[in-house]
Amino acid sequence: MFPVSPSDEARALIRCSEVVVRSLTGGYPVRVGDGARYLLPAAVAAAAPSGRCAVISDERVAELWYDRVAEPLEQEGIDVVPAFFPQGEINKARAVWARLTDDLIIAGLGRDCCVVSLGGGVVGDMAGFVAATFLRGVPFVQVPTTTLAMIDASVGGKTGVDHAVGKNLIGAFHAPCEVLADPVFLTTLDPGLRAEGYAEAVKHGVILDAEYAEWLAASAGTLLDGDPEAVERAVVRSVRLKAEVVSGDLLEAGRRQILNFGHTVAHAIELDSGFTLPHGHAVSVGMVAEARIGEALGITESGTSESVRRLVAAFDLPHQHPSLGNAEHLARLMVRDKKTRSGVVHMVRLESLGRTVVVGERTVPIPEAELVDTLERLFP
Ligand SMILES: NC(=O)c1ccc[n+]([C@@H]2O[C@H](COP(=O)([O-])OP(=O)(O)OC[C@H]3O[C@@H](n4cnc5c(N)ncnc54)[C@H](O)[C@@H]3O)[C@@H](O)[C@H]2O)c1
Ligand SMILES: [Zn+2]
């Protein structure tokens, strides 16, 4: 149990790094560091004038962490309404959103409450969507508990649920008012999931910051061990990079496209695997493949794909997948991707490690026939 006292809070404030992320409603701090969890009572008190909040979590995270998170809130006189749902992407669904919203209504929460999300990306997307829609929007404090949720899902304000037809088809932009990323949560996370989140960190380095990419690879062992200082550095750097991209493009028109690097191929192989392939693995394979396609088309400096392969390998993430060998099928799936415009695949223009075209044409259109041809040559 961790007691919360003003001194714990003060110490956490001193220890944590802070990155301010611009959002449609102004901006919000992402506080990162060992002890960030101690700042939750103050964050909730600031967001909810009624002193009431709902803590939304999945059952697995709740079992491990709910008591330790709720107790300090209650000690500060905050009324906490727990609202849990079974873990897993399959539950990022409208029926669950409806049930959680019912929980808030039954508890009599009003506009002056706030929602706390305690969990990974699934919980963040779900709790954020509940917060976005409950009473037309209440404030939302995010406590990410997976690497991916800290590194990627805490920036951008995207919330929502899946539909049988596709992922994230129903949702809203609703930025949190504060994010508290405490590496302690990663200590209970499955090592495979710990590693997976770093695929997106590698992506941030590959598209924007070669030095960061190299630091990640050199620090992979410490990061995978969960060393709090290393985790803090990675989360701060990734959040800063993603925030820089997103803040110039709050409703996803142009610049954000570069964050899609690796994802055109990744979405196709995820679909091909019936979503049995973890997202981080698909992104790792996708980044290496897209760098190779870029090299083949003369867009990407040669040798880049080998660097990307080395970076993902440092985290024991894969760079190959059997789906790559089925060029026609893969190309068809890529054309069907929701980010595809008028039936032509657009791939992010990676120039070299750490350099993407960020102004003007950030993507390059590849006609389906050329794509099939290139895939056949690269992945016979
Ligand atoms: N909003 C965004 O910008 C954004 C960005 C990237 C991904 N996402 C979404 O994030 C989701 C994937 O997130 P994820 O990989 O964090 O998955 P997740 O939330 O499903 O978590 C993975 C598993 O780990 C468990 N878990 C979480 N934290 C734990 C902890 N500290 N200790 C032990 N177990 C823990 C969960 O119960 C779950 O079973 C996807 O739905 C994706 O669409 C959203
Ligand atoms: Zn991703």
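When a ligand or atom number is given, it counts from 1 through the structure's own listing order. Computed from a predicted model, the values in this text were never measured in an experiment. One is the number of the first residue; the rest follow in order along the sequence. Atoms considered below: every heavy atom in the structure, side chains included; atoms not considered: hydrogens, waters and symmetry mates.
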- Got the closest protein heavy atom to atom 29 (C) of ligand 1, with its distance? Leu189 CD1, 3.5 Å
- Task: Report the member of Thr188, Leu259, Asp190 with the shortest heavy-atom distance to atom 30 (C) of ligand 1.
- Result: Thr188
- Opening angle between NE2 in His279 and NE2 in His263, taken at the Zn ion (ligand 2), to 10 degrees: 100°
- What part of Asp58, side chain, backbone, both or neither, has a heavy atom within less than 4.0 angstrom of ligand 1? side chain
- Query: Side chains of Glu196 and His279: do they bring a donor and an acceptor to under 3.5 Å?
  - Reply: no
- Checking Glu211, Glu232, Glu244 against Arg237 for salt bridge (charged side-chain N to carboxylate O under 4.0 Å, His left out), the one that qualifies is Glu211
- Query: Hey, is His279 touching ligand 1 through its side chain, its backbone, both or neither, going by heavy atoms under 4.0 Å?
  - Reply: neither
- Item | Heavy atoms from other residues, nucleotides or ligands near CD of Glu18 exceed 12 (cutoff 6.0 Å) | yes
- Query: Short list, please: which atoms of ligand 1 are under 4.0 Å from a heavy atom of Val61?
  - Reply: 26 (N), 27 (C), 28 (N), 29 (C), 35 (C), 37 (O)
- Check each heavy atom of Asp125 against ligand 1 and say whether those closer than 4.0 Å belong to the side chain, the backbone, both or neither. side chain
- Are any of the N or O atoms of Val122 closer than 3.5 Å to those of ligand 1? yes
- Message: A quick test of your reading: do over 12 heavy atoms of other residues, nucleotides or ligands sit less than 6.0 Å from CG of Leu135?
- Response: yes
- Message: Donor-acceptor check, side chain of Asp58 to backbone of Val61, threshold 3.5 angstrom: yes or no?
- Response: yes
- Take Glu178 and Tyr28 through the test side chain to side chain contact (heavy atoms under 4.5 Å, CB included) and record every step on the way to the result. CA-CA 5 Å; Glu178 192 159 336; Tyr28 62 91; 5.7 Å; no
- Query: Is NZ or CZ of Arg94 both nearer than 6.0 Å to the six-membered ring centre of Trp97 and within 45° of the ring axis?
  - Reply: no
- Message: Give me the nearest non-hydrogen protein atom to atom 17 (O) of ligand 1 as residue plus atom name, then the distance to 0.1 Å.
- Response: Gly121 N, 4.1 Å
- Item | Test of proximity, Gln87 against ligand 1: N or O pairs below 3.5 Å | no
- Nearest neighbour in protein (non-hydrogen) for atom 21 (O) of ligand 1: Thr146 CG2, 3.9 Å
- Is the shortest N/O to N/O distance between Lys158 and ligand 1 below 3.5 Å? yes
- Task: Starting from atom 40 (C) of ligand 1, locate the nearest protein heavy atom and write down its residue, its atom name and how far away it is, to 0.1 Å.
- Result: Glu89 OE1, 3.2 Å
- Considering only heavy atoms, does Leu193 approach ligand 1 within less than 4.0 Å through its side chain, its backbone, both, or neither? side chain
- Task: May I ask you to identify, for Leu148, whether its side chain, its backbone, both or neither come under 4.0 Å of ligand 1 on a heavy-atom basis?
- Result: side chain
- Message: For Glu328, is the CD atom crowded, meaning more than 12 foreign heavy atoms sit under 6.0 Å from it?
- Response: no
- Okay, side chain of Ser238, backbone of Val235: is any donor-acceptor separation there less than 3.5 Å? no
- Query: For the side chain of Lys242 and the backbone of Ile151, is there at least one donor-acceptor N/O pair under 3.5 Å apart?
  - Reply: no
- Task: Indicate yes or no for a side-chain donor-acceptor contact from Asp125 to the backbone of Gly160 under 3.5 Å, with no hydrogens or angles considered.
- Result: no
- Quick check: are there more than 12 heavy atoms from other residues, nucleotides or ligands sitting under 6.0 Å from CD of Glu74? yes
- Query: Nearest protein heavy atom to atom 6 (C) of ligand 1, by residue and atom, and its distance?
  - Reply: Asp152 OD2, 3.3 Å
- May I ask you to decide if Gly108's main-chain N or O and Arg52's side chain share a donor-acceptor pair within less than 3.5 Å? yes
- Task: Report yes if Lys92 has an N/O atom closer than 3.5 Å to an N/O atom of ligand 1; otherwise report no.
- Result: yes
- Message: Could you tell me, atom by atom, which parts of ligand 1 come under 4.0 Å of a heavy atom of Trp65?
- Response: 31 (N)
- Residue, atom name and distance, where the atom is the protein heavy atom closest to atom 28 (N) of ligand 1: Thr145 OG1, 2.7 Å
- Message: Regarding Asp152, does it place an N, O or S atom less than 2.8 Å from the Zn ion (ligand 2)?
- Response: no
- Please walk me through it: do Glu76 and Val44 pass side chain to side chain contact (heavy atoms under 4.5 Å, CB included)? CA-CA 10 Å; Glu76 295 294 310; Val44 170; over 6 Å; no
- Heteroatom distance test (Leu186, ligand 1): nitrogen or oxygen, under 3.5 angstrom: no
- Task: Answer yes or no: does an N/O atom from Gly119 fall short of 3.5 Å to an N/O atom of ligand 1?
- Result: no
- Query: So which bit of Glu59 gets within less than 4.0 Å of ligand 1, heavy atoms only: side chain, backbone, both or neither?
  - Reply: neither
- Identify, for atom 4 (C) of ligand 1, the protein heavy atom at the shortest distance, and state residue, atom and that distance. Ala153 CB, 3.5 Å
